[in-house]
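Residues: numbered from 1 along the sequence shown. Everything quoted here is computed from the prediction, not taken from an experiment.
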Amino acid sequence: MFFSSFLSPYSLTSLSILILCIIGVDFVSTTQIKIGQGYKLISIEKSQDGGLIGHLQVKEKNNIYGLDIPNLKLYVKHETDNRLRVHITDAKEQRWEVPYNLLQRETPPSLKQNIGGKSRKNIFSSVAVESEYSGNELIFNYKNDPFSFSVKRKSNGETLFNSSFDDSNSYNNLVFKDQYLEISTKLPKNASLYGLGENTQPHGIKIYPNDPYTLYTTDQPAINLNMDLYGSHPMYMDLRNNVNGEAKAHVVLLLNSNGMDVFYNGDSLTYKVIGGVLDFYFFSGPTPLDVVDQYTSFIGRPAPMPYWSFGFHQCRWGYHNLSVIEDVVENYNKAKIPLDVIWNDDDHMDGKKDFTLNPVNYPRPNLLAFLDKIHARGMKYIVIVDPGIGVNNTYGVYQRGIANDVFIKYEGKPYLAQVWPGAVNFPDFLNPKTVEWWGDEIRRFRELVPIDGLWIDMNEVSNFCSGLCTIPQGRICPTGTGPGWICCLDCKNITNTRWDDPPYKINASGIQAPIGYKTIATSAVHYNGVKEYDAHSLYGFSQSIATHKALQGLEGKRPFILSRSTFVGSGHYAAHWTGDNKGTWDDLRYSISTVLNFGLFGVPMVGADICGFYPAPTEELCNRWIEVGAFYPFSRDHANYYSPRQELYQWDSVAESARNALGMRYKLLPYFYTLNYEAHTTGAPIARPLFFSFPTLTELHDVTTQFLVGSSVMVSPVLDQGKTEVKALFPPGTWYNLFDMTQAIVIKDLHYLTLDAPLSVVNVHVYENTIIPMQRGGMISKEARTTPFTLVVTLPSGTNDIEAKGNLFLDDDELPEMKLGNGQSTYIDFHATASNGTMKLWSEVQESKFALDKGWFIEKVIVLGTNGTDGAFEINVDGQPIEDGSRVKYSTTKHKYIDNMDDEVDKRKSMMMDIHGLELPLGKNFVMSWKM
């Protein structure tokens, strides 16, 4: 959706900055304010669950940013072999935490001592100066005065987190006030940090010293660099290489939904949080894949996505009537560009109201006829839903919302805001009644229109106004003319509470904007008295949970939800797109970093608006963007109301690039879908930084102009205007061009190569020792999925040490769960080895029935890097020789080595071998062997 800040007098432009400066808002200073002397650990005991419970007392009170909380409770537990929790809160009063019903986890035990610090059995008031609490992978160390703690890796003693303070530090001891929490950790200068989003990072995926990192969900377009954007993910991955060249990764999560600034200066990292508790989780890794596995096992595994969602999607704000989207679908078909999903922004709505249809522009009988047509082909239809419910006494959704008391309140009345319909109220998804009401409204709408998924937008929450507002008397609001994002309600600022004007100002919107600016007033109240101040960044997360529950409950099918705002755990319910970007070369480059970051956040189904949301992209840029976007996990072209049309068929050259890039994507759909299964079961990102597969190569730790799809497919796109070649960095080994498999690159050491990249070409290479399942492709995923399979086996050139592997997951993608054991899925491991001059390729099938019922079979095997065969193939299926081996043919083509960096390679007889005429049932174990 075209967001409220574009061209708006209420946007945070230089004029806004000037105004905020005039009224006395200070910008973030790098100068550290000295705050107190920290806390002293005065007692500690073992808890009944095997953890530690301690009591901390403030050493020296002060009133900077408010009064200190005098007594704190410390709780520490090794929750698993590879996860350590450190929880610090008020010892006397319960404080706000991320609700345990939203993100399920263990509840800390209560403090088993009185607040005065008097001893009882198993509690001692005099604690050791320093001690440790050891688990299988991590060790918790603590010092008592001033209290600090460190977390070490048990295997090598390396310190991962260290909050201790000395005079050389630029940060404070532990600070814990009602509305200001501060804690820091020392870090080695060679650490590579990733995460702390959502923001657009101009320097690449690594966290960059002295860049601002503010976490507070905001309707701030992704074109703004180093600012708090739509999501809040207070986690970071730390990847370190030691003196022996070993690479080890760990993750640190501060589970807190309050607004925060995080400062990284190269050798320390400081959190400054405006509420809640300090609830740290440490995940030991040690590989990047291990640590994402551990992280998502805690926050929730990524949601399984339906097969069709990995097809191509087309959207635009400004498809004014049904005939326009009918033409879009037909034009994609004419241009022979694959398309699976057509989307509507709010154009289908009646007066921009949720769950309605415009009776003139989208008459229901005509829309239903169109949907019958595309559904018969296997296409899908998705529409947008914003959280703001129009205040209108003739609007059934609003009436039922009022009757069920589902809206967020201010002083006992539904909080009034303005979004696209005009005056709105916001549903409170922390309220169980709201979740039920929301599900009922989705049910009602789906009975009206058979949608296939929902797009939940503007859920940071976005508000075109600020403060306490009323509907004006005597004038129309909005007028229906001009930009729809101009505030027309009668509003007054709310600054008289500490919730609206907290003592510490986070760097909201990059200018310390008031935290209630263009959103819900932070003194507004949710269910059970919860303040918006605390729950603000959970809105999109809680809406995703409610929407997922509703869609899954309708027909028991696997939901597809796209959410703009996300929090820790959102990937368990929804996909994400990177928001309102620009059609610029810089934004194309930035998109890769953001997509890769969300893989770390446990939201692997992610992509950016291809060709840019606004303004008009150039033809050349759109060519290059589809060549990148075809390999995003979520691949969608989306544009703004005020931009010219930019569907991929609008330019002949872009259509050609789309046919090439999306043609390869559709051949790779079984590979993408298997990665979806891997993400759902292990958390592994679909799109990954290169260091995930090559963590010991420090030169790759900051590479974000290339990326991996899975572990072995590397995309090296053109990201600069006017270029017809690309400088790509290749890790050591053998790489094969996926578009022309006769082309090979052999690298002894990490090296840059310059590759040809004409306008319609994107360089995609697959690494050695890999087996990739592919199909023939098609114009739609339903069609592509029925075609025969090809296995591409990549061997390392010039070696007999061959052990290639791959896998394939197949299921009924409408089932809500993605798993084996339900009779509707098949999983296959593929292996290839060579020994004693014989090559062997075989499969190991789990739960074969589904694949056999579908009739899927392998028609071809392409072996890359082989030295050929004498033609004597031995093929067995389920232990029996195939009946008609005479149909099996093969051909060979010598590899062409591109800018070869290994002199020995020219002496090898390496070639591509195409074995065809096969009909190997996917659901049966097979073994192929031949003499090399």
For the backbone of [Y] and the side chain of [X], can you confirm whether one donor and one acceptor N or O come within less than 3.5 Å of each other?
X      : Y      : answer
Asp279 : Leu255 : no
His576 : Gly571 : no
Asp228 : Leu215 : no
Asp386 : Gly388 : no
Gln646 : Gly612 : yes
His536 : Glu460 : yes
Ser466 : Lys518 : yes
Ser635 : Tyr632 : no
Gln179 : Arg498 : yes
Gln418 : Cys488 : yes

If you compare all heavy atoms of [X] against all heavy atoms of [Y], which two are closest, and at what distance to 0.1 Å?
X      : Y      : answer
Pro450 : His375 : O-CE1, 3.3 Å
Arg558 : Leu815 : NE-O, 2.7 Å
Met818 : Pro304 : CB-CB, 3.5 Å
Asn256 : Pro234 : O-CG, 3.9 Å
His680 : Ala303 : ND1-C, 4.1 Å
Gln220 : Leu229 : O-CD2, 3.2 Å

Quick check on the 6.0 Å ring-centre criterion: do [X] and [Y] meet it?
X      : Y      : answer
Tyr230 : Trp577 : no
His320 : Tyr641 : yes
Tyr539 : Phe429 : yes

Option among Trp96, Tyr216, Trp499 that satisfies the ring-ring contact (aromatic ring centres under 6.0 Å, His included) test with Tyr533: Trp499
How long is the gap from [atom1] on [X] to [atom2] on [Y], to the nearest 0.5 Å?
X      : Y      : atom1 : atom2 : result
Ile451 : Lys380 : CD1   : NZ    : 12.5 Å
Leu102 : Leu430 : CG    : CG    : 6.0 Å
Asp587 : Asn581 : CG    : CG    : 5.5 Å
Ile486 : Leu489 : CD1   : CG    : 12.5 Å
Arg564 : Met458 : CZ    : CE    : 5.5 Å
Phe560 : Met605 : CZ    : CE    : 5.0 Å

Would [X] and [Y] pass as an ion pair if we require N to O under 4.0 Å?
X      : Y      : result
Asp452 : Lys557 : no
Asp428 : Lys433 : no
Lys373 : Glu326 : no

Hey, what's the ring geometry for [X] with [Y], parallel, tilted or perpendicular (30° and 60° as the breaks)?
X      : Y      : answer
Phe407 : Tyr398 : parallel
His233 : Phe598 : perpendicular
Trp455 : His638 : perpendicular

When you look at [atom1] of [X], are more than 12 heavy atoms from neighbouring residues, nucleotides or ligands closer to it than 6.0 Å?
X      : atom1 : value
Gln94  : CD    : no
Gln399 : CD    : yes
Glu330 : CD    : yes
Asn493 : CG    : no
Lys549 : NZ    : no

Is it true that the side chains of Thr495 and Asp501 contain a donor and an acceptor less than 3.5 Å apart? no
Between Asn321, Asn344, Thr356, Asp347, which is the residue that forms a side-chain hydrogen bond (donor to acceptor under 3.5 Å, both in side chains) with Tyr362? Asn344
Is Cys487 close enough to Cys469 that their SG atoms are under 2.5 Å apart? no
Any non-hydrogen side-chain atom of Trp438 less than 4.5 Å from a side-chain atom of Val385? yes
Looking at side-chain heavy atoms only, is the closest gap between Tyr332 and Met379 below 4.5 Å?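 They are not in contact (no side-chain heavy atoms under 4.5 Å apart), so the answer is no.
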Verdict with supporting geometry, His526 and Asn431, side-chain contact (heavy atoms from CB on, under 4.5 Å): CA-CA 8 Å; His526 291 254; Asn431 186 342; over 6 Å; no
Evaluate the criterion side-chain contact (heavy atoms from CB on, under 4.5 Å) for residue pair Tyr614 and Lys582; output intermediate values, then yes/no. CA-CA 5 Å; Tyr614 96 112; Lys582 266 186 172 180; 3.1 Å; yes
Who are the side-chain contact (heavy atoms from CB on, under 4.5 Å) partners of Ala574, not counting sequence neighbours?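 side-chain contact (heavy atoms from CB on, under 4.5 Å) list for Ala574, sorted by chain: Ser544, Ile561, Ser563.
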Which residues pass the disulfide (SG to SG under 2.5 Å) test with Cys315, not counting sequence neighbours?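 Once residues adjacent in sequence are excluded, Cys315 has no partner under the disulfide (SG to SG under 2.5 Å) criterion.
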Report the C-alpha separation of Phe541 and Tyr573 in whole Å, then their side-chain angles, then the decisive distance to 0.1 Å, and conclude whether the side-chain contact (heavy atoms from CB on, under 4.5 Å) test is met. CA-CA 9 Å; Phe541 179 40; Tyr573 305 95; 3.8 Å; yes
Chi angles and distances behind the side-chain contact (heavy atoms from CB on, under 4.5 Å) call for Phe601, Thr566: CA-CA 10 Å; Phe601 297 152; Thr566 59; over 6 Å; no
